[in-house]
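First comes the structure, then the notes that go with it.
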Amino acid sequence: MNNQLTDLMQRATENLEPVTPDLLERTVAQGTRLRRRRTTLLTAGGTGAVLATAGLIAGGIHVLGSPADRAAAGTPIAITKPSAKPSVAPSVKPTPSSTHAVNSQQTLTTLKSLVAAPGRTFSQPETWGEGDFTAAAYVVDDGRGAARVDVLLSGGGNQNPCVPARQGCTTLPDGSVLYTVKESPEYSDSRQAEYGVVSNYVVLVRRDGRSVNLTSYNAPAEKGTPHTRPTPLLSVKELTAIAKSKAWKLPPVSNATYGK
């Protein structure tokens, strides 16, 4: 490039008379110095860009290697300003459901304890329901035939069998209502003659709307199985006494209006 520049300048000035003999040489020297300076600046600029890029990469590696790299890259990290005083978890007032919680296994245990008597054996335990109601059942055999006994404890909200009042309803001194049905047939068609299943049924509705529902059959199942004894294992009187027991752990009172 130096030779090309010299030739070009010589051609441009070959017909001119220089003021001094060294004018051409000084002009060529100045052009060479300017070209070298620009080349140096371009080279330095390129090197600076490379160094800046390397610095960004190194900085990025440093940031991602810090504890903040637990956040996804590109996702802003929230910075929480420390509080002037330590935070205290708010106290939670227990709800009725957490205070008087009951589960179906407890109901099963209570049912067995209230029905147990000399000579009676228990099999086929069942449980279902949680929250507003729990239920449990056993097949009980006293040596004169296996029979199902089940219970359902309700927190309320279901239909009150004594609204409107009907036969079998009694208001007790404490304000609770008792509804009883004796030897009610399970079928309303020809299957009743085939299976012959009947049941004694008792519902005790407490003043707060919660209820104890008890059923005793004369067969090991409600339906689909022939009866094993002429009458249910437990009479209405016995079921009433069991329903009134203080041993039951009822679910919390439901928010629904009972009997509406």
Side-chain angles (χ1 to χ4, degrees), residues 93-116 122 124-140 147-188 197-223 232-260:
K93 185 177 181 179
T95 60
S97 58
S98 63
T99 305
H100 304 95
V102 62
N103 58 59
S104 54
Q105 188 59 47
Q106 289 176 315
T107 304
L108 181 70
T109 300
T110 304
L111 175 64
K112 184 175 182 179
S113 66
L114 295 176
V115 176
F122 294 78
Q124 302 180 39
E126 293 180 41
T127 59
W128 65 98
E130 296 292 341
D132 289 341
F133 79 94
T134 61
Y138 268 114
V139 173
V140 186
R148 179 184 174 90
V149 177
D150 61 40
V151 62
L152 185 146
L153 307 179
S154 171
N158 47 304
Q159 180 63 41
N160 187 329
C162 291
V163 177
R166 68 181 73 186
Q167 183 178 1
C169 291
T170 305
T171 300
L172 305 180
D174 63 357
S176 59
V177 176
L178 180 68
Y179 175 67
T180 63
V181 177
K182 181 180 180 180
E183 297 183 14
S184 173
E186 291 303 310
Y187 296 97
S188 59
V197 179
V198 295
S199 65
N200 291 331
Y201 179 56
V202 166
V203 181
L204 177 66
V205 183
R206 297 186 177 182
R207 293 185 61 184
D208 59 10
R210 295 183 293 176
S211 64
V212 179
N213 306 255
L214 282 160
T215 311
S216 177
Y217 300 89
N218 66 335
E222 178 182 0
K223 296 181 183 296
L233 174 72
L234 301 174
S235 66
V236 167
K237 183 178 180 179
E238 290 172 314
L239 289 175
T240 298
I242 294 173
K244 292 178 179 180
S245 173
K246 302 298 183 181
W248 297 114
K249 298 184 183 299
L250 273 66
V253 176
S254 171
N255 291 329
T257 302
Y258 192 92
K260 297 290 186 179

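Because the structure is a prediction, the values reported are computed rather than measured. For the numbers below, each heavy atom of this structure counts, side chains included, while hydrogens, waters and symmetry mates do not.
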Hey, could you give me the [atom1]/[atom2] distance between [X] and [Y], rounded to the nearest 0.5 Å?
{"X": "T110", "Y": "I242", "atom1": "OG1", "atom2": "CD1", "answer": "11.5 Å"}
{"X": "T127", "Y": "L108", "atom1": "OG1", "atom2": "CG", "answer": "6.5 Å"}
{"X": "N200", "Y": "Y217", "atom1": "CG", "atom2": "OH", "answer": "10.5 Å"}
{"X": "S199", "Y": "L234", "atom1": "OG", "atom2": "CG", "answer": "12.0 Å"}

Main-chain N/O of [Y] paired with [X] side-chain donor or acceptor, under 3.5 Å:
{"X": "K223", "Y": "E186", "answer": "yes"}
{"X": "N213", "Y": "V151", "answer": "no"}
{"X": "R210", "Y": "P251", "answer": "yes"}
{"X": "D150", "Y": "A135", "answer": "no"}

### Task
Would you sort out whether L204 and K244 count as a side chain to side chain contact (heavy atoms under 4.5 Å, CB included), showing the intermediate values?
CA-CA 7 Å; L204 177 66; K244 292 178 179 180; 4.1 Å; yes
### Query
Considering residues at least two apart in sequence or located in another chain, which fulfil the salt bridge (Lys or Arg N to Asp or Glu O under 4.0 Å) criterion with E126?
R148
### Message
Under the rule for salt bridge (Lys or Arg N to Asp or Glu O under 4.0 Å), what residues qualify as partners of D132, not counting sequence neighbours?
### Response
none
### Query
Partners of S245 by side chain to side chain contact (heavy atoms under 4.5 Å, CB included), sequence neighbours excluded?
L114, A247, W248
### Task
Would you list the pairs meeting side-chain hydrogen bond (donor to acceptor under 3.5 Å, both in side chains) in which at least one residue belongs to residues 232-241, sequence neighbours left out?
S235-E238
### Sidechain N-carboxylate O distance under 4.0 Å for D208, R206
no
Residue pair [X] / [Y]: nearest heavy atoms and the distance that separates them:
{"X": "P232", "Y": "S216", "value": "CB-O, 3.3 Å"}
{"X": "S104", "Y": "W128", "value": "CB-O, 3.8 Å"}
{"X": "V236", "Y": "V181", "value": "CG2-O, 3.8 Å"}

### Query
Given N218 and V197, is the side chain to side chain contact (heavy atoms under 4.5 Å, CB included) satisfied, shown in steps?
CA-CA 6 Å; N218 66 335; V197 179; 3.7 Å; yes
### Message
Any non-hydrogen side-chain atom of K249 less than 4.5 Å from a side-chain atom of T107?
### Response
no
### Query
Y138: what forms a ring-ring contact (aromatic ring centres under 6.0 Å, His included) with it, not counting sequence neighbours?
F122
### Pairing residues for S176 by the side chain to side chain donor-acceptor pair (under 3.5 Å) criterion, not counting sequence neighbours
D174
### Candidate list V203, L152, L250, test side-chain contact (heavy atoms from CB on, under 4.5 Å), partner V212, passing option
L250
### Message
My understanding is that only one of T171, V202, V205 makes a side-chain contact (heavy atoms from CB on, under 4.5 Å) with L178; could you say which?
### Response
V202
